[in-house]
Amino acid sequence: MNKKNLSERDICTKFINPAIQKAGWNMRTQVREEVSFTDGRIIVQGNLHTRGKSKRADYILYYKSNIPIAIIEAKDNKKPVGHGMQQALEYSEILQIPFVFTSNGDSFVFHDKTDSNGSLEQEISLDDFPSPETLWNKYLKFQNLDTPQAQEIVEKDYYVDDSGMSPRYYQQNAVNRILEAVAKGQDRIILVMATGTGKTYTAFNIIWRLWKTGVKKRILFLADRNALLTQTKNGDFSPFGNDIMHIIKNRKIDKSYQIYFALYQGLTSNDEDKNAYKEFSKDFFDLIVIDECHRGSASEASAWRAVLDYFKGATQIGLTATPKETKDVSNMEYFGEPVYTYSLKQGIDDGFLAPYKVVRITTSVDEGWRPTKGLIDKYGNEIEDRIYNLKDYDKKLAIDERTEIVAKKITEYLKATDRYAKTIVFCVDIDHANRMRQALINENADLVAKNWNYCVKITGDDEVGKQELDNFTDVEERFPVIATTSKMLTTGIDTKMVKFIVLESNIQSVTEFKQIIGRGTRIREAEGKVFFTIMDFRKATNIFARPDFDGDPVQIYEPGPTEPVVPPEDADETPDPQHPDDVELPEGTNPMPPDIDIDDTESEVKKYYINDIPVSVVNERVQYYGKDGKLITESLKDYSKKNITEEFSSLDDFIQRWTASEKKEELIKELAEHGVLLEALRAEVGQDLDDFDLICHIAFDQPALTRQERANNVRKRNYFTKYSETAQKVLNSLLDKYEQEGIVSIEQGSILKVQPLNQIGSAVELVRAFGKKKDFDQAIKDLENEIYNIGA
């Protein structure tokens, strides 16, 4: 057997697998091969999308289920034994795996991240692959976890889900890092995970493993909204069983349970004697998990802090998408540095979170407006003489015409894309949300006449609106479509189908901005939700330029005054609400902390209301964020040209790759993974060009032929005469198929079974007309070469 002739897969089967098995690894429970651990970034162009390549490891080795310990990158024997180490190291950083191996079937190169004594990387024989216990013990010693108590914690099994659901790689990382921190005695821990990445599911796995060890017997899960408590208890936490779980309601304390759920504000009171949490002894809880801990739990001034200080002997784990660092509030000071961070940017890059586009719109009064002397508003108030700008609009000065233009642009976008796309409009305050609702109802009178709740105001003061919240978040419910709000939907609410977010509020905080973006980041591929759009009227998306922002949009579009609100290629051819109002709170309850104001605690501000002010849209430019998340300013054509020429060094190189490609569809898919979507490009060029011609024309300035022209050129050359009569019929039919549908259609394995070819004869008979199967395959190849004859 010549090793050099074996494929990579053969090397794995014949050499790597036996070496691993001999070392004591259980191939069924401890070894996974060809593991795709990301979904591949969603790449959006126009109204089309595709996915980039997912990251895939040849082998991941686990000490126990969901506790990865080693990664192996395999190569065929033509490559050196250490080939692929850099890629394996990159993957090991993402997966947080300490031991890295490469192999070509001759031996292994072993990279040991726990060794700082000069043996970081060395070659070992196939017979010397280390056992699971050897690697695990090395890791425990390196992490100072090699005591019986620590080992008991970090080795505790995950919950086994009957449905087959298992944690994603970043959820594994989060759970394992937190258990290691607890095992080392750390009692203040913070975990940062972007909205939509499964913080509650991750929290369940953390609590399950700690509870199962018996180290943490009584646990308190703190949230800020009643619906979250019920959702958490009956959802992710249901494996614990109702017998040991309890939601604290109406300040009634029952000490007979093990796992408690409570609202922050449901445990505290302005009356010190009525603080419900003091009915527990200070050492009652072993573990407290604080959901959305950026809200103020780490603030000295916060009443929530009193709860944490009272139970200071408990291990406290904070969960947040947006850790808060201001002069008044510091999560890091209280909890320390995060033990693990999974950012918005990483979630988008991995394909677990939806990317987004931005449409920026500026009106003619945004840079400033000054009233004429003595100008009276609609209600007889003389308007203070000064310059008003975006910071003032709808807080101190409401201009009806500006509100109407915003409503028009929102409606224009929905009409050009999908009028039933779930939409949140974030407004300055409740009054603004109400006026925006009225303007939107007038713009969408046709749909509102049929369904009164097409557009609703969902704010803390509106019982009807709050009742519509469940319908708005329900994937199955069509109405409401548009929700206008102030602060109530900024955070926490699971709005799975929101495709359109409108910023009509002055947002300065990166924390709040990320929370708002989080309303749209969930992917629902089966329902067609793979990206979302932000329409910004307040320059809030300037936050993208801030160094502490970490998730770039895929496109920024700033239409001119006469341009459509949607780029032409986008047009369709056809919270956790942060409010305590969904739970009845007793008198004397502490309000929420002031870092994100709730709707019904607005301060009184003198506001002027005016109309008859000329307002128009002013212009700017189109910008895209490409496959690598970098902002680019060129057109889709120029951007595609750059990506194509990066992939193919010359026209000859492209033609050679095209000709050699067994399946053109694979080459087209590869281009898509590099950010080139041919359908979007074809729409911009405005010609129905063949894929080959489109690429040659855009990237290499070649004259383009239509499929009809290419097919006619083949017919003129009449090269079919060398084949039998039946074979000529087959080739003519395939040429017709190419002319109608393109090259991919004739490369399908089932092509001989569809009309009109199946009317000529059976698939076996048609192949036999050419001789053997290889002769038929060669005839198809020859036909393709004739079609793409450059000299034709």
Side-chain angles (χ1 to χ4, degrees), residues 187 199-201 203-204 206-208 210-211 216-299 302-320 460 466 470 491-494 576-593 598:
D187 56 9
K199 286 194 295 294
T200 309
Y201 174 69
F204 160 72
I206 292 165
I207 294 170
W208 176 270
L210 289 172
W211 179 72
K216 306 297 179 188
K217 296 177 182 177
R218 287 193 291 226
I219 296 149
L220 174 62
F221 185 90
L222 278 175
D224 74 331
R225 179 171 157 255
N226 199 41
L228 273 182
L229 300 182
T230 306
Q231 179 182 309
T232 301
K233 176 176 176 286
N234 297 337
D236 288 324
F237 280 60
S238 59
F240 284 113
N242 286 323
D243 291 345
I244 69 164
M245 293 192 294
H246 175 62
I247 296 177
I248 299 173
K249 294 179 180 178
N250 302 318
R251 302 183 184 280
K252 293 179 181 176
I253 302 302
D254 184 335
K255 301 177 186 176
S256 62
Y257 294 90
Q258 295 179 53
I259 297 174
Y260 292 79
F261 302 87
L263 295 176
Y264 299 107
Q265 60 271 32
L267 292 178
T268 60
S269 170
N270 290 332
D271 184 344
E272 186 69 21
D273 294 333
K274 294 183 180 178
N275 278 325
Y277 64 87
K278 290 189 175 179
E279 293 189 36
F280 294 106
S281 64
K282 290 187 176 183
D283 60 357
F284 186 84
F285 293 110
D286 305 307
L287 173 67
I288 301 177
V289 177
I290 307 106
D291 193 23
E292 304 289 2
C293 69
H294 67 274
R295 300 281 178 78
S297 55
S299 167
S302 172
W304 306 348
R305 179 66 177 265
V307 178
L308 302 185
D309 285 344
Y310 184 79
F311 298 115
K312 63 184 177 183
T315 298
Q316 296 176 9
I317 300 173
L319 308 176
T320 182
K466 285 192 289 185
D470 285 343
T491 183
I493 190 165
D494 193 2
D576 263 79
Q578 190 224 332
H579 66 311
D581 353 63
D582 60 356
V583 59
E584 292 298 319
L585 296 178
E587 187 177 349
T589 292
N590 281 315
M592 297 290 287
I598 54 174

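Note that these values count all heavy atoms, side chains included, but never hydrogens, waters or copies made by symmetry.
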About how many Å separate [atom2] of [Y] and [atom1] of [X], when rounded to the nearest 0.5 Å?
X: I247; Y: T230; atom1: CD1; atom2: OG1; answer: 4.0 Å
X: L229; Y: N234; atom1: CG; atom2: CG; answer: 10.5 Å
X: F204; Y: I206; atom1: CZ; atom2: CD1; answer: 11.0 Å
X: I259; Y: D243; atom1: CD1; atom2: CG; answer: 11.5 Å
X: I253; Y: I248; atom1: CD1; atom2: CD1; answer: 4.5 Å
X: K278; Y: Y310; atom1: NZ; atom2: OH; answer: 7.0 Å

Over all heavy atoms of both residues, which pair between [X] and [Y] is shortest? Give the atoms and the distance, please.
X: Y277; Y: L267; value: CD2-O, 3.1 Å
X: T268; Y: N275; value: CA-OD1, 3.2 Å
X: T232; Y: F261; value: CG2-CE2, 3.8 Å
X: G266; Y: A276; value: O-CB, 4.3 Å
X: L308; Y: Q316; value: O-NE2, 2.9 Å
X: F311; Y: S281; value: CE2-O, 3.5 Å

Original post:
Under the side-chain hydrogen bond (donor to acceptor under 3.5 Å, both in side chains) test, which residues partner T315, sequence neighbours left out?
Top reply: K216
Original post:
Taking the side chain from E279 and the backbone from K255, do they hold a donor-acceptor pair closer than 3.5 Å?
Top reply: no
**OP:** Check for a donor-acceptor pair, side chain of Y257 on one end and backbone N or O of D254 on the other, with a separation under 3.5 Å.
**Re:** no
Original post:
side-chain contact (heavy atoms from CB on, under 4.5 Å) between K312 and D187: does it pass, once the steps are laid out?
Top reply: CA-CA 9 Å; K312 63 184 177 183; D187 56 9; over 6 Å; no
**OP:** Only one of F237, F240, F221 passes ring-ring contact (aromatic ring centres under 6.0 Å, His included) with W211; say which it is.
**Re:** F240
